[in-house]
Visitor: 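I am attaching a structure below and will ask some questions about it afterwards.
Order of the sequence lines fixes the chain letters, A, B, ..., with proteins taken first and strands second; residue numbering starts at 1 for each chain. Keep in mind the model is a prediction, meaning the values are calculated, not measured.
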Amino acid sequence: MCQYAQVIVDVPTRQTNQPYTYKIPAAYQGEIKPGMRVIVPFGKGGRKIQGFVVGLIGPEELIYEEHLLKTLIQPLDFTPVLNQEALQLADWLAETTFAFKISCLQVMLPNVMRASYHKTIRLLDQDVPVEIKALFQKQNEIPYDDVTDAKLLRQLVKLRQANKVEIVYHVKDRAQKKMVTAIQKQVTNEEIVSLKTQIPKNAVKQAQLLDFLASVSQTTILQSEAQVQSGLTAADFKTGAKKGWLKQIKVEKYRDPYADTEFKTTIPKSLTPSQTTAVQSVTQAMLQQQAETYLLQGVTGSGKTEVYLQIIAEALAQKKTALMLVPEISLTPQMVQRVRSRFGQQVAVLHSGLSDGEKYDEWRRVEEKQAQVVVGARSAVFAPLENLGVIIMDEEHESSYKQDEMPRYHARDVAIWRSQYHGCPVVLGSATPALETRARAQKDVYHWLQMPDRINGQAMPPVKLVDMREALKEAPAPDISQELLTAIKQRLAKKEQVVLMLNRRGYSSFMLCRECGFVLKCPNCDISLTLHMDTHSMKCHYCGHEEAIPQTCPQCQSRKIKYYGTGTQKVQEELAKLLLTARVLRMDVDTTRRKGAHEKILQQFGNHEADILLGTQMIAKGLDFPDVTLVGVLNADTALGLANYRASETTFQLLTQVSGRAGRADKKGEVIVQTYNPEHYAIQWAQAHDYESFYRKEMQVRHLLGYPPYYFTIKITVSGNDQLSASKKIHEIYRELQTVLSKDALMLGPTPQQIMRINNRYYFQLVIKYKFEKNLEQYLKNLLVKSQTDEKAGIKLVIDRNPLNFI
DNA sequence: AGCACGCCGACT
DNA sequence: GTCGGCGTGCTC
């Protein structure tokens, strides 16, 4: 029967969110299946683009006249790259996150499977002007991008109409499997004996080769390995192939990012009673194929990782697969090693540090069922595991689980969707669960598993608050109180290590004129420039603008323009002055930009090559250094000042997490927190290590102010090249929403964003708070498709469901 | 992106 | 009355 393909196409600009129907060439009838990538012609120019087949229909289902349909050009895959689950998940993602279907399909695949497009110009007739001939030189086809001259481009357009040149579109699949040579023995050992008598006496290499072949028992061996083992060269094997002794074949090679790392195997540790309960509850659900969600709330050091590992082991024992999600930042070699050393080669690791090729290889190892366990960051939630036994999400409160570009999904929601598809449990682990997660556990939507005690029975380290309003008066340096300095000196004397954290979010050093109050700002964004001592320049963190450090104030010419505020570089200088001999390692976005720099710094610190590790938020996560006995937080509360409804929650989580870094082994730890808001409840309850009290207090606040989890929220952001058009658009949406929404819904705004201008774009936002709105979804879906027409006028619209921050 | 359609101003 | 300017809309 003749079939037609329903294809979601990857149109670079306009997205329709609706499939297009294509004829399937006779040669491919029956070959094309849903989930395959295909190349299709699109638009008047006959340009080729990539698309995904999402369904097949018969002639009776055509709603479009047959002769109007185009024919797809070719499939890009032999077998579907997206299975039925992925296709359904993509539909759900598009619906719930207000995203284009194509972006949902693409997000599930490694980057290299997104085709690259390029155009070439082909010369069809030699009768063209000299300058065009010069352009082509001797070739008759050149890349389109080589033509930059506008005059030549106009000429080419004319020539094209005269059929003297044509534009050829290319779709290139960037997914390249790496192939290597392997050899297969073609002769038996008996034959080798007789062959050896037949070869010339001086053919030493051939004799060696025959001896080697006699010694191998495997049917297939990599030639590179054979060369090492036999001491022969590639040429010798080629001779062998010519003589028919062996066959050379090409086999797929996976680029193993952990090839040189050795892993010691570890055995499961014995569990505490609360760990045992957790493991048993989850494995029971796994056995009965129940799609239940568990909140595993365990304090730092309560042994959550061991629980994860034993649950994964149980999944494997039940011949199922397991998916473990961790925040990107804690996907350190330490973490990977812990999983790898338990499950070895069955583990595939997916994170941003891998090259595109490596990611593709790991993805294929999963797809081809060579790996049963996947450990990875956010996007790994789409790993093509079949027969899932469990999904684990460590540090489930982390904001990096939410993608901040389309599709704006939260990995937690995807994990729960997949668990329902597979009938398997989800484990959400955290010491400081997101408020909505903890609230769902309260309402029995999730099962609540608690691990309140540390494994080694140690108490949480004492946390001391230093009121900087007072302490600043006699502080030895602007960012370091006397109390903290004394504590640091004590540790250094005992050869113990110190971790200092600078909470830098939304706060850094900028240039301020003490004479006239002038602040040096970015010319493109409404934000002050940040001082970078390493490059001796002023940089904008939003658009990358860079300029020289001013010597005099541009406004009043005073020389009293100085930096103000706190940065890790500045603190490092202060430390150097106060502690002449201390070795300080700095870790922030600037020192970790290079690939592998992050790991290197941690390794150096672990090897005691430094006494103090000074860094931003990134040092708070999942690090485990036994000799760290003091953790100092230099400024606990800058995040509280930000106008964001989750400020208290993130501050509490950060402080609790960083406190857990002190005294993990047998040595007693201490935490010192410098703050200007010592009486704030987030800081008070963090000091007391009391999540429950914080949770109750914060829930009250959210209830009072009508924030999540009491309300659903959707944030609409409009940005434009000029302030007026963006403002007009958001007000237009606001007026429309007034007619769409019921009386129970609330709207915040429209307001200009915190930083109204970024990279010369103006941002406005509008937040909708609601409990149930039957018309809202449909309105927003239409708005999304309609909004594309405004993009030509430079107006961009973003719809974000459950945004992680808004004013 | 690229091409057609369509509605206003300067021209044969 | 016609040519062509490019604003607008659509692509199976």
Side-chain angles (χ1 to χ4, degrees), chain A residues 2-26 28-29 32-76 87 94 100-103 105-106 114-122 143-148 150 152-172 720-722 725 728-729 732 782-797:
Chain A
C2 185
Q3 286 191 313
Y4 299 86
Q6 303 258 268
V7 181
I8 298 281
V9 290
D10 173 27
V11 189
T13 49
R14 174 112 186 159
Q15 296 297 340
T16 45
N17 242 1
Q18 143 219 347
Y20 289 84
T21 312
Y22 282 89
K23 290 191 248 191
I24 298 173
Y28 296 127
Q29 280 288 341
I32 304 277
K33 299 195 179 71
M36 279 185 181
R37 297 174 301 154
V38 288
I39 299 175
V40 294
F42 195 82
K44 304 273 156 63
R47 137 186 99 96
K48 297 177 197 169
I49 54 171
Q50 191 189 58
F52 287 87
V53 179
V54 291
L56 295 171
I57 56 169
E60 71 288 351
E61 291 170 90
L62 285 181
I63 44 166
Y64 218 68
E65 284 178 64
E66 215 260 357
H67 69 275
L68 293 172
L69 300 182
K70 287 184 181 170
T71 308
L72 69 81
I73 295 166
Q74 56 159 290
L76 277 171
L87 292 175
F100 296 126
K101 284 218 172 100
I102 187 71
S103 67
L105 293 162
Q106 311 218 90
R114 200 168 304 178
S116 67
Y117 303 118
H118 72 279
K119 301 188 274 194
T120 53
I121 308 168
R122 190 182 286 160
Y144 187 89
D145 297 339
D146 281 10
V147 189
T148 44
L152 282 175
L153 219 51
R154 266 199 302 276
Q155 278 193 13
L156 284 167
V157 171
K158 288 239 171 73
L159 288 169
R160 189 185 173 190
Q161 281 158 0
N163 242 342
K164 292 190 172 179
V165 298
E166 72 171 330
I167 291 178
V168 189
Y169 296 90
H170 302 266
V171 177
K172 194 169 164 250
N721 297 325
D722 68 289
S725 61
K728 261 187 181 161
K729 184 74 199 171
E732 179 192 318
N782 292 341
L783 185 65
L784 176 75
V785 173
K786 268 200 314 193
S787 72
Q788 294 182 101
T789 47
D790 297 322
E791 269 184 44
K792 277 195 196 125
I795 293 186
K796 275 195 205 123
L797 178 105

Visitor: For A:S103, enumerate each residue passing the side chain to side chain donor-acceptor pair (under 3.5 Å) test, keeping only those at least two apart in sequence or located in another chain.
Guide: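 Partners of A:S103 by the side chain to side chain donor-acceptor pair (under 3.5 Å) criterion come out as none, since no residue qualifies.
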
Visitor: What is the distance, to the nearest angstrom, from the NZ atom on A:K70 to the P atom on C:dC12?
Guide: 4 Å

Visitor: Between the protein and nucleotides 3-5 of chain B, which nitrogen or oxygen pairs come in under 3.5 angstrom?
Guide:
from: B:dC3; atom 1: OP1; to: A:R160; atom 2: NH1; distance (Å): 3.3
from: B:dC3; atom 1: OP1; to: A:R160; atom 2: NH2; distance (Å): 3.2

Visitor: Using salt bridge (charged side-chain N to carboxylate O under 4.0 Å, His left out) as the criterion, list what pairs up with A:K796, not counting sequence neighbours.
Guide: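 Here no residue qualifies.
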
Visitor: Listed by chain and number, what are the ring pair (Phe, Tyr, Trp, His ring centres under 6.0 Å) partners of A:F42, not counting sequence neighbours?
Guide: A:Y20

Visitor: Going by the rule side-chain contact (heavy atoms from CB on, under 4.5 Å), which residues pair with A:E66 if we only count those two or more places apart in sequence or in a different chain?
Guide: A:Y4, A:K23, A:L62

Visitor: Only counting residues at least two apart or in another chain, list the ones meeting side-chain contact (heavy atoms from CB on, under 4.5 Å) with A:L68.
Guide: A:Y64, A:E65

Visitor: Is there a stack between A:Y64 and C:dC12, judged by ring centres under 5.5 Å and planes under 30°?
Guide: yes

Visitor: Heavy atoms under 4.0 Å, any strand shown: does A:Q18 hit a base, just sugar-phosphate, or nothing?
Guide: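 Since a base atom lies under 4.0 Å of A:Q18, the category is base.
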
Visitor: Looking at every strand, decide which applies to A:Y22 at a 4.0 Å heavy-atom threshold: base, sugar-phosphate, or nothing.
Guide: sugar-phosphate

Visitor: Does NZ in A:K70 sit with more than 12 non-hydrogen atoms of other residues, nucleotides or ligands closer than 6.0 Å?
Guide: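 It does: A:K70 NZ has more than 12 such atoms within range.
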
Visitor: According to a strict under-4.0 Å criterion, is A:K119 in side-chain N/O contact with OP1 or OP2 of B:dG2?
Guide: yes

